[in-house]
Participant: 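After the structure tokens below, expect a handful of questions from me.
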Amino acid sequence: MYVLLWLEFSLLEAKTLSIKAHSIWALNFNYYFIMELQKIGVLLPQSKQYPTMAKEFMNGLKLSLSDHYKLCIEGIGLGNEAENIVNASQKLINQEEVVVTTGILGHRDLSKVLDFFDNMEESLVYTDFGATKPLNLDSRQHIFCNSLDLYNATYSLGKYFIDKGIKHVGTSTCFYESGYGFIEAIQDALYEKNEAEFSGHFVTPLHPRENEAELMTQFVDVTKPDVLFAFYNGVYAEEHADFLHKNKVNSSTPLYTLPFSINNKILSKYPQLFDTTKYISSWHSNLMTDDNINFIASYKEKYNKTPSIFSVLGFENGLIINNKLKKKTNSTLNKVLGPRGIINTDITTNRFSPNQHLWEIKWVENSYQFQYTETLTHNNIIKTTDNDENKGWHNSYLCH
């Protein structure tokens, strides 16, 4: 694609610029300058649970990129078919001639997609949610991952429990979330030095039983956990909130969750229910850093709405791409500041593992408030695997 810059000078302007000519009776003349835009490929999945996810990602991406780029977009369905993703990537690389590809990918057969980019010696800056143990990218020369890192967040939460002397952890989840890597992640932390253990696991089936809330109460009464770690998402998070509304087990047992387990819709429906609930997340709009405050202000100014975590991921990917392309002429550029902190794009893991923060939900003056509690200290430990296992449902948070 090309941009056409049109510069028009009048006779007065010509005199001002001291342009001399023997005959300058014409009132105007036109000068045309042509500049080619660099192309960036974008792979976007669909999500039944979060239908605006791709749009929010694109909003963030556009906000951080200058007008010197053209975005070439390819849809990849639910992102669970490696062949479809590779075909879309081939079109972007061979037909559109993009200089780098970005987008949101899942975990199913991910290594096949990464192999394609490595073999083609093409750059990929991808985002995932980290619901399973992340793939090792140490040997991937052309690939960088910007993740929510939910697996390592869960591991950090397990270490936090140990630091606080919490010995017995109960988990509460659904069939959908239990298939991913969260139980494995917190198990790694609890049993690494046998400092803590599970008191039990409560898993809601695909179709909840009529007395599901009562069964959860029985589970807590029998297993007596020091804390209850609940991880749900989407419609299952709404079901879970309804169970808690009926049984109130979180009034006697401290409740900890992942960021997708509680949303604004749930909080609006159940006032006061989640008072004192704590959850772990690498980002919140209340994160009081200059870069996050500036990002939110810029996003609101351009789109007239508050950004989501998907907007953050898109924005950060744009920052990483800008940094990557600038490094071709300036090798000293290796760090960028995003809403979630410093992104060092030269780390040996080829992965951004952000700080994970513990937040507390408080019911104050008839409304919920989100209070920063502390930054967990175990986020520098990045758990990875070489196995590309197809755990869980097709892709976390994409299909329900």
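FYI, the numbering just counts along the sequence from 1.
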Participant: So that I can tick it off, tell me whether K133 and E184 are bridged by a salt bridge, with the cut-off set at under 4.0 angstrom between side-chain N and carboxylate O.
Facilitator: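 So E184 pairs with K133 through a salt bridge.
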
Participant: So, do N322 and L65 sit near enough that their side-chain heavy atoms are less than 4.5 Å apart?
Facilitator: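 With C-beta onward as the side chain, the pair touches.
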
Participant: Please determine, by modelled atom types, if S311 and N59 share a side-chain donor-acceptor pair under 3.5 angstrom.
Facilitator: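 No.
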
Participant: Step through it carefully: locate the ring centre of F310, locate the ring centre of F57, and say whether they are under 6.0 Å apart.
Facilitator: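 Between F310 and F57, the centre distance exceeds or equals 6.0 Å.
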
Participant: Check whether Y368 reaches the backbone of Q272 with its side chain - one donor and one acceptor, N or O, closer than 3.5 Å.
Facilitator: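 Flag set: sc Y368 to bb Q272 pair under 3.5 Å.
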
Participant: Could you tell me whether a side-chain N or O of S172 sits under 3.5 Å from a main-chain N or O of A230, the two making a donor and an acceptor?
Facilitator: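 Flag not set: sc S172 to bb A230 has no pair under 3.5 Å.
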
Participant: Following the transitive rule for hydrophobic clusters with a side-chain heavy-atom cut-off under 4.5 Å over Ile, Leu, Val, Met, Phe, Trp and Tyr, establish whether I321 and L337 coincide in one cluster.
Facilitator: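 Different hydrophobic clusters.
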
Participant: Is a donor on one side and an acceptor on the other found under 3.5 Å between the side chain of N119 and the backbone of D115?
Facilitator: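 Present.
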
Participant: Check this for me: does any side-chain nitrogen of one of D163 and K159 sit under 4.0 Å from a carboxylate oxygen of the other?
Facilitator: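 K159 and D163: not salt-bridged.
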
Participant: Apply side-chain hydrogen bond (donor to acceptor under 3.5 Å, both in side chains) to residues N84 and N87 and explain how you reach the verdict.
Facilitator: CA-CA 5 Å; N84 292 342; N87 289 340; 4.6 Å; no

Participant: Grab the two heavy atoms, one from Y299 and one from K305, that are nearest each other, plus how far apart they are.
Facilitator: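 Closest approach of Y299 to K305, heavy atoms only: CD2-O, 3.3 Å.
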
Participant: Using a strict threshold of under 4.0 Å (side-chain N to carboxylate O), is an ion pair present between E122 and R140?
Facilitator: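 A salt bridge is absent here (no side-chain N lies under 4.0 Å from a carboxylate O).
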
Participant: Are more than 12 heavy atoms from other residues, nucleotides or ligands located less than 6.0 Å from atom CD1 of I293?
Facilitator: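 Counting other residues, nucleotides and ligands, CD1 of I293 exceeds 12 neighbours.
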
Participant: Among L92, T101, V42, which residue satisfies the side chain to side chain contact (heavy atoms under 4.5 Å, CB included) criterion with C72?
Facilitator: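 Exactly one option meets the side chain to side chain contact (heavy atoms under 4.5 Å, CB included) with C72, and it is L92.
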
Participant: Taking the ring centre of each residue, are F182 and Y151 less than 6.0 Å apart?
Facilitator: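 Ring centres of Y151 and F182 not closer than 6.0 Å.
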
Participant: Under the 3.5 angstrom rule, does the side chain of T384 hit a backbone N or O of L135 as a donor-acceptor pair?
Facilitator: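 No, the answer is negative, given that no donor and acceptor are paired below the 3.5 Å cut-off.
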
Participant: Apply ring pair (Phe, Tyr, Trp, His ring centres under 6.0 Å) to the pair F144 and Y126, showing each step before the final yes or no.
Facilitator: CA-CA 6 Å; F144 187 88; Y126 76 95; 8.9 Å; no

Participant: Tell me if the aromatic rings of F231 and F229 count as close, with their centers under 6.0 Å from one another.
Facilitator: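 F231 vs F229: aromatic centres under 6.0 Å.
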
Participant: Say whether V203 and V235 are linked into one hydrophobic cluster, either directly or through other cluster members, by side-chain heavy-atom distances under 4.5 angstrom.
Facilitator: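 Shared cluster, no.
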
Participant: Quick check: do L43 and I85 have side-chain heavy atoms less than 4.5 Å from each other?
Facilitator: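 Of all side-chain heavy-atom pairs linking I85 with L43, at least one is under 4.5 Å.
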
Participant: Within the 4.5 Å heavy-atom criterion, are N233 and S261 side-chain neighbours or not?
Facilitator: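 Contact flag for N233/S261 side chains = no.
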
Participant: Kindly compute the distance separating CG (L105) from CD1 (I76), expressed to the nearest 0.5 Å.
Facilitator: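 One finds 5.5 Å between CG of L105 and CD1 of I76.
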
Participant: So, N80 side chain and R108 main chain: donor-acceptor pair closer than 3.5 Å or not?
Facilitator: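 Pair absent, no side-chain N/O of N80 close to backbone of R108.
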
Participant: Supply the atom-to-atom distance S252 OG to L228 CG, rounded to the nearest 0.5 angstrom.
Facilitator: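 Going from OG on S252 over to CG on L228, the span is 9.5 Å.
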
Participant: Less than 4.5 Å apart, side chain to side chain, heavy atoms only: is that true for R340 and N355?
Facilitator: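 Sidechains of N355 and R340: no contact.
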
Participant: Identify the two heavy atoms, one from L273 and one from L244, that lie closest to each other, and give their separation to 0.1 Å.
Facilitator: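 Looking at all heavy atoms of both residues, the shortest contact is CD1-O, 3.8 Å.
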
Participant: So N292 and W283, side-chain hydrogen bond (donor to acceptor under 3.5 Å, both in side chains) or not? Walk me through it.
Facilitator: CA-CA 9 Å; N292 191 48; W283 182 81; 2.6 Å; yes

Participant: Are Y279 and Y372 connected in the hydrophobic side-chain network, where two residues link if heavy atoms are under 4.5 Å apart?
Facilitator: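 As far as the 4.5 Å side-chain criterion goes, Y372 and Y279 are connected within one cluster.
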
Participant: Would you say the side chain of P354 lies within less than 4.5 Å of the side chain of E316, judging by non-hydrogen atoms?
Facilitator: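 The answer is no; the side chains never approach within 4.5 Å.
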
Participant: Rounded to the nearest 0.5 Å, what separation is found between the CD atom of E74 and the CG atom of L44?
Facilitator: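 Going from the CD atom of E74 to the CG atom of L44 covers 9.5 Å.
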
Participant: Going by an N to O cut-off under 4.0 Å, is there a salt bridge joining E197 and K167?
Facilitator: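 No, no charged N to carboxylate O under 4.0 Å.
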
Participant: If you take all heavy atoms of I361 and I262, which pair is closest and at what distance?
Facilitator: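 Heavy-atom minimum between the residues: CD1-CD1, 3.8 Å.
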
Participant: Search all heavy atoms of D275 against all heavy atoms of W363 and return the closest pair with its distance.
Facilitator: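 Looks like OD1-N, 2.9 Å.
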
Participant: Answer whether the closest heavy-atom distance between the side chains of H357 and S281 falls below 4.5 Å.
Facilitator: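 No, side chains not in contact.
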
Participant: Distance from F295 atom CZ to T289 atom OG1, nearest 0.5 Å?
Facilitator: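 So the gap between those two atoms works out to 11.0 Å.
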
Participant: Are F175 and F219 co-members of a hydrophobic cluster defined by side-chain heavy atoms under 4.5 Å apart?
Facilitator: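 F219 clusters together with F175.
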
Participant: Are more than 12 heavy atoms, taken from residues, nucleotides or ligands other than Q218, located less than 6.0 Å from that residue's CD atom?
Facilitator: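 Check passes, neighbour count above 12.
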
Participant: Under the criterion side-chain hydrogen bond (donor to acceptor under 3.5 Å, both in side chains), I'd like the reasoning laid out for T132 against H107: C-alpha separation, chi angles, the key distance, then a yes or no.
Facilitator: CA-CA 7 Å; T132 59; H107 64 281; 4.8 Å; no

Participant: Say whether, by atom type as modelled, one donor and one acceptor occur between the side chain of D128 and the main chain of N146 under 3.5 angstrom.
Facilitator: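 Looks like no, no N/O pair under 3.5 Å.
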
Participant: Checking D226 side chain against H168 main chain: does a donor-acceptor pair fall under 3.5 Å?
Facilitator: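 Side chain of D226 to backbone of H168: a pair is present.
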
Participant: Determine yes or no for a side-chain-to-main-chain donor-acceptor pair under 3.5 angstrom, with S147 supplying the side chain and T127 the backbone.
Facilitator: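 The answer is no, because no donor-acceptor pair under 3.5 Å joins these two groups.
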
Participant: Would you mind reporting whether I320 and V125 have side-chain heavy atoms less than 4.5 Å apart?
Facilitator: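 With C-beta onward as the side chain, the pair touches.
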
Participant: Checking side-chain hydrogen bond (donor to acceptor under 3.5 Å, both in side chains) for the pair Q187/Y155: CA distance, chi angles, key distance, verdict?
Facilitator: CA-CA 8 Å; Q187 177 178 292; Y155 174 84; over 6 Å; no

Participant: Does atom NZ of K300 have more than 12 heavy-atom neighbours, drawn from other residues, nucleotides or ligands, at distances under 6.0 Å?
Facilitator: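 Counting neighbours around NZ of K300, 12 or fewer heavy atoms of other residues, nucleotides or ligands fall under 6.0 Å, so no.
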
Participant: What pair of heavy atoms forms the shortest contact from S123 to V99, and how long is it?
Facilitator: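 Answer, listing the atom of S123 first, then V99: CB-O, 4.3 Å.
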
Participant: I'd like to know if L206 and Y180 are part of one continuous hydrophobic network [Ile/Leu/Val/Met/Phe/Trp/Tyr, side-chain heavy atoms within less than 4.5 Å].
Facilitator: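 As far as the 4.5 Å side-chain criterion goes, L206 and Y180 are connected within one cluster.
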
Participant: Give a yes or no on whether E83 atom CD has more than 12 heavy-atom contacts from other residues, nucleotides or ligands under 6.0 Å away.
Facilitator: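 No.
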
Participant: Would you check, one step at a time, whether the test ring pair (Phe, Tyr, Trp, His ring centres under 6.0 Å) holds for Y256 with F161?
Facilitator: CA-CA 10 Å; Y256 289 78; F161 289 152; 5.0 Å; yes

Participant: Do D291 side-chain atoms and G338 backbone N/O form a donor-acceptor pair below 3.5 Å?
Facilitator: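 Here the side-chain-to-backbone pair does not exist.
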
Participant: Using atom types as modelled and distance alone, determine if a side-chain donor or acceptor of K224 lies under 3.5 Å from a backbone N or O of D221.
Facilitator: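 Checked: pair present.
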
Participant: Tell me the closest heavy-atom pair linking K39 and E96, and the distance in Å.
Facilitator: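 That would be CD-O, 2.9 Å.
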
Participant: Can you tell me if NZ on K278 sees more than 12 non-hydrogen neighbours from other groups inside 6.0 Å?
Facilitator: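 More than 12 within 6.0 Å, yes.
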
Participant: Take S282 and D149 through the side chain to side chain contact (heavy atoms under 4.5 Å, CB included) test and state the conclusion after the steps.
Facilitator: CA-CA 8 Å; S282 60; D149 211 15; over 6 Å; no

Participant: Centre-to-centre under 6.0 Å for F370 and H284, is that the case here?
Facilitator: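 Yes.
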
Participant: Would you say T52 and E56 are linked by a side-chain donor-acceptor pair, where the criterion is simply a distance under 3.5 Å?
Facilitator: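 Yes, T52 and E56 have a side-chain donor paired with an acceptor closer than 3.5 Å.
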
Participant: L37 and Y69: side chain to side chain contact (heavy atoms under 4.5 Å, CB included), yes or no, with the steps?
Facilitator: CA-CA 5 Å; L37 291 181; Y69 303 110; over 6 Å; no

Participant: If you define the side chain from C-beta out and look only at heavy atoms, does anything of K55 sit under 4.5 Å from Y50?
Facilitator: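 No, their side chains stay 4.5 Å or more apart.
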
